[in-house]
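The next block holds one structure in the form of structure tokens; read it before the comments.
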Amino acid sequence: MEDLFGNPIDDKTSIPIFADVILPVPIPWMFTYMVPREMEPIIGIGFRVIVQFGTRKILTGIVGKIHQKPPKEYDAKPLLELLDNQPMVNPLQIKFWHWIADYYCCHIGEVMNAALPSGMKLNSESRLQLNPTFQDSGSDYPIDEREKIILDHLETEGELTFEACGKILELKSAHHIIKSLVAKEMVLVYEQLKEKFTPKIENRIRLSALFVSDKSALEALFAKLESKPKQEEIILKYLQQVPVYKDEKINHEGLDKKLLTESGISVNSLRTLIKNGIFEEFTKIISRFENLPTNPDTLSLSPVQEEALNQIKEAYKEKQTVLLHGITGSGKTSLYIKLVQEVMDSGSQVLLLLPEIALTTQMVNRLTKVFGNKMGVFHSKYSDNERVEVWQGVIQGRFQFVVGVRSAVFLPFDSLGLIIIDEEHETSYKQHDPAPRYHARDTAIMLAYLHQSKVLLGSATPSFESYYNARQKKYGLVELNLRYGEAQLPHFHMADILADKKKNLLKLDTTRLLREKIQEALNNQEQVLIFQNRRGYAPYINCEDCSWVLECDHCDVSLTYHQFGEEMRCHYCGFKQKVPTSCPACGSNNLVTVGQGTEKIEENLAMLFPEARIARMDLDTTRSKYGYQNLLENFSAGNVDILVGTQMITKGLDFGNVTVVGIVDADRLLYFPDFRSGERAFQQITQVAGRAGRRQKTGNVIIQSRKPDHPIYQSILSGDYRNFYLQEMGERQQFFYPPLVKNIKITSKHKEFKTAETAALHLKNLLQAIPVKKIILGPEKGLIGKIKNQYIFELLIKLDKNGQAPPIFKEHLKLVLEELAAAKAFKSVRFIIDVDPV
DNA sequence: AGCACGCCGACT
DNA sequence: GTCGGCGTGCTC
């Protein structure tokens, strides 16, 4: 081999190097590219690279492996660009990604997609522009009308994206027209890369070096400016803020230009000063996060908390994971803070996971007070730029501690010492769609294992999975059974809806007991929470004459009536339509709303308590970034007497003045066709009840039910979690439910009912042949039989949770799905695998 | 998942 | 004849 000048190249150095790149595509392997010479000294695992994929697409990938084995069956394309000078992802993470892909039966690229903030993935957008070498004079080719339109637009706009072309022509895709234009060489197509992360920049000014190092120069300057008071004032203002005469070095940092311009000085004079070289202007990349001080937590633990802390540490001597079962209000947060501080002092990193809706609340405020800007906050409502900054902050060591939602498990930690998962039982830790369908709790335990770090699971109502593991001695178990301070556990009351109805005491679906307790609270200027886990006004509308129900055109569900906006909405696909005025089936005008959502409850309460100030908190009132926070602040400030809400109000709110919690329809939680409904009901009712009476006053919890004698209510009333667990486990044992077995759910989706069904059936037959002990249920029509015009069938596989059954089964499952994908009849069927569905 | 290529029906 | 539909196969 020879170089450009004909000199022979040393053989050893000319061995080409290849990179296996993880790309964000649902294909279960990496792609091998050639590493250009100049990248060789720098490149390594975890670097971001730009590659061409297929004929047109330009993608960002992550280097997963470097090697020297040239691919046999194809020519490797070269890497186009190296984006970083240090890895953005560490080898431990790559291992972690592979584990997730393996465990949750998805592709590594899908894991990468979930892991990287989108601001770190460069986009390729195909664009076109006029071909500058093309002369539009007596062309050889006829130009079609639509082509002319595009050319005209290009004339004025300069460039267009493919998407824009489609819009202009009102076509789904303008591809063929563009293709024809390209063939005629009238336009050029190119890919433009966009770096999406934009650092926040501040314009700053500082004195020119001359005036700093030489005092006499500054004096001379003042003398010269005597006739220009405006300019003099600016310099004085600057010196006031940046006293360079005390310390010359501080001039280098300068001063935020905004600070000067906003203080009412003349912008023109400042401009003159800069022009004359007295000031110089420069830019600085600044953090989006405020600079906050840290204040070591001074709160002392109660003896009971102290004891729990010691037990946790003791358990860590033998166990990697400890479950902290602490009743609501027992002060788990204080324990967390102590532990986080200790681990940080030892130099390791800490990750605290919170469910999404708990993150904007008091918990973060409290943690911020203690850890200041050493703590990173990773929230899904944060902008992408903010998320990229947290990512970089973790790499740079600026954030030794991160509080975040589910996806924070993907941050580039390199030496975790502790992962805390608060509200461990929360189902929002499981990602449903799209793949990877991972559970943050379970993946975090794996992550901790990779880091040899500890895990603390915290909950007042642990998931059966975790409690089971604790009882099996896989995890340590520490219990905290006393509320912190003087707070007492609330009193529970069952309110019998049917009994009240018989005696004519039910008013607007509200029992007498609930009304009395609310009134009492209002009289004492105390606050009330009303919980109903259903948003909207009413779950459906019904024709009184022929019992017709309005359903979604695209899904198998009834449309929910939303009073706000006077419309019917589908909660599954977002479909909206006007409220019908008459029944389309029989023409009757007797359409009535049935059931009650938060909107209707809000309205009912307004009629029952006209003097009360009522607010509502659900998905519809908290969509905006600060909607949630504003509502909470309002409530916290005492501007609201009664807050009606969905699940959102059950999490982590700590308002001392709430003394009454009402659960409008507890049965709805219980009679859900799922083996976990009991567990869920127990958790939700206990959680929301925990909002009552968190200070001196004892709270009251009113549970409205049609079946107040149901044994589950007895368990909740007595607060005996262990007893409840043992009862429920009997049933789980009998019917082979988790946590005693491992579940895998496979969903088949297709626009034809029959195809979806037969595909699932066919799959079941193939799966039956897999040589492990298992039970396969189904195919059964999905709980919602059709969503977004796709019919849904489900298979449920129960596997022996210990031993080799799960990995063997998953291995075979992969092959079976490949086989099925090759079968013509099921080509267009989508199979969705959900490991450990919740 | 996209995206190119190829085969076939509906229209000028 | 051609436009544009969708099924099929590939991506280093």
Side-chain angles (χ1 to χ4, degrees), chain A residues 16-36 39 43 47-82 101 105-114 116 118 121-128 141-147 161-163 165-166 169-183 189 191 433-437 749-752 755 759 788-790 817-833:
Chain A
I17 290 189
F18 297 92
D20 289 349
V21 178
I22 303 167
L23 293 176
V25 288
I27 303 167
W29 51 73
M30 301 197 271
F31 293 83
T32 307
Y33 285 84
M34 212 179 60
V35 179
M39 291 184 197
I43 201 168
F47 280 72
R48 289 183 304 158
V49 289
I50 302 277
V51 297
Q52 180 163 63
F53 186 71
T55 46
R56 165 149 293 131
K57 273 250 109 56
I58 305 280
L59 296 174
T60 307
I62 294 278
V63 176
K65 198 176 162 190
I66 299 278
H67 59 88
Q68 301 187 333
K69 218 172 82 204
K72 288 201 187 76
E73 276 125 57
Y74 52 88
D75 283 330
K77 287 180 182 166
L79 296 176
L80 296 182
E81 227 172 304
L82 191 56
C105 298
C106 66
H107 311 306
I108 185 85
E110 293 172 318
V111 182
M112 167 187 160
N113 238 349
L116 290 186
S118 44
K121 290 173 268 183
L122 294 169
N123 240 356
S124 88
E125 255 179 287
S126 297
R127 287 162 186 272
L128 61 158
Y141 305 102
I143 302 175
D144 142 314
E145 201 165 308
R146 288 181 294 189
E147 290 173 13
T161 61
F162 278 29
E163 221 184 15
C165 293
L169 298 173
E170 291 169 356
L171 281 174
K172 261 187 252 150
S173 142
H175 244 97
H176 41 280
I177 292 161
I178 293 165
K179 212 168 132 186
S180 136
L181 282 167
V182 172
V189 172
E191 297 286 308
D433 215 32
R437 298 181 172 77
K749 276 190 179 183
H750 196 266
K751 59 177 191 293
E752 306 287 343
T755 316
K788 294 182 192 166
N789 286 326
Q790 298 267 314
L817 285 179
E818 271 168 42
E819 192 181 320
L820 214 56
K824 280 211 164 52
F826 307 126
K827 271 262 159 63
S828 51
V829 178
R830 293 242 301 126
F831 291 106
I832 294 153
I833 305 169

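Remember, it's a predicted structure, so these values are computed and weren't measured experimentally. Convention: sequence-line order gives letters A, B, ...; per-chain numbering from 1.
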- [ ] Could you grab the distance from atom OG1 of A:Thr60 to atom CG of A:Leu116, nearest 0.5 Å is fine?
- [x] 8.5 Å

TODO: Using whole Å, report how far NE2 of A:His107 lies from P of C:dC10.
DONE: 17 Å

- [ ] Starting at CD1 of A:Ile27, measure out to CD of A:Glu110 and round the result to the nearest 0.5 Å.
- [x] 10.0 Å

TODO: Enumerate the residues from residues 72-81 of chain A whose closest heavy atom to DNA chain C is under 4.0 Å, giving them by residue number; use none for an empty result.
DONE: A:Tyr74, A:Asp75, A:Ala76, A:Lys77

Task: Rounded distance (nearest 0.5 Å) linking atom CG of A:Leu79 with atom CZ of A:Phe47 - done: 12.0 Å

Task: Aromatic plane relationship, A:Phe18 with A:His67 - under 30° parallel, 30 to 60° tilted, over 60° perpendicular - done: parallel

Task: d(CD1, A:Ile178; P, C:dC3) in whole Å - done: 16 Å

Task: Gap between atoms CD1 and C1', on A:Ile50 and C:dC12 respectively (whole Å) - done: 16 Å

Task: Gap between atoms CE and P, on A:Met112 and B:dA1 respectively (whole Å) - done: 17 Å

Open item on the list: In this structure, how many angstroms lie between the P atom of C:dT11 and the CG atom of A:Asp20, rounded?
Closed with: 16 Å

- [ ] Would you give the length of the straight line joining atom CG of A:Leu23 to atom CE of A:Met30, rounded to the nearest 0.5 angstrom?
- [x] 10.0 Å

Task: Length of the line joining A:Met30:CE and C:dT11:C1', which is rounded to integer Å - done: 16 Å

Task: Sequence-aligned protein contact record of nucleotides 3-9 of chain B, with B where the base is within under 4.0 Å of a protein heavy atom and S where only the sugar-phosphate is - done: SS-----

Open item on the list: Regarding A:Phe53, tell me which of base, sugar-phosphate or nothing describes its non-hydrogen contacts under 4.0 Å with the strands shown.
Closed with: base

Task: Non-hydrogen atoms of A:His750 and A:Ser828 that approach each other most closely - done: NE2-OG, 2.9 Å

Open item on the list: If I take atom NZ from residue A:Lys121 and atom CD1 from residue A:Ile62, how far apart are they, to the nearest 0.5 angstrom?
Closed with: 10.0 Å

Open item on the list: Please report the distance, rounded to the nearest Å, between NE2 in A:His750 and P in C:dG7.
Closed with: 9 Å

Open item on the list: Rounded to whole Å, how long is the line connecting atom CD1 of A:Ile58 with atom P of B:dG2?
Closed with: 15 Å

Task: Listed partners of A:Asp75 passing salt bridge (Lys or Arg N to Asp or Glu O under 4.0 Å), at least two apart - done: none

Task: Check: A:Leu59 and A:Val25 side chains under 4.5 Å, non-hydrogen atoms - done: yes

Open item on the list: Does A:Pro26 reach a base, just sugar-phosphate, or nothing at all? Heavy atoms under 4.0 Å.
Closed with: base

Open item on the list: Under 4.0 Å, heavy atoms only, any strand: does A:Leu23 hit a base, just the sugar-phosphate, or nothing?
Closed with: nothing

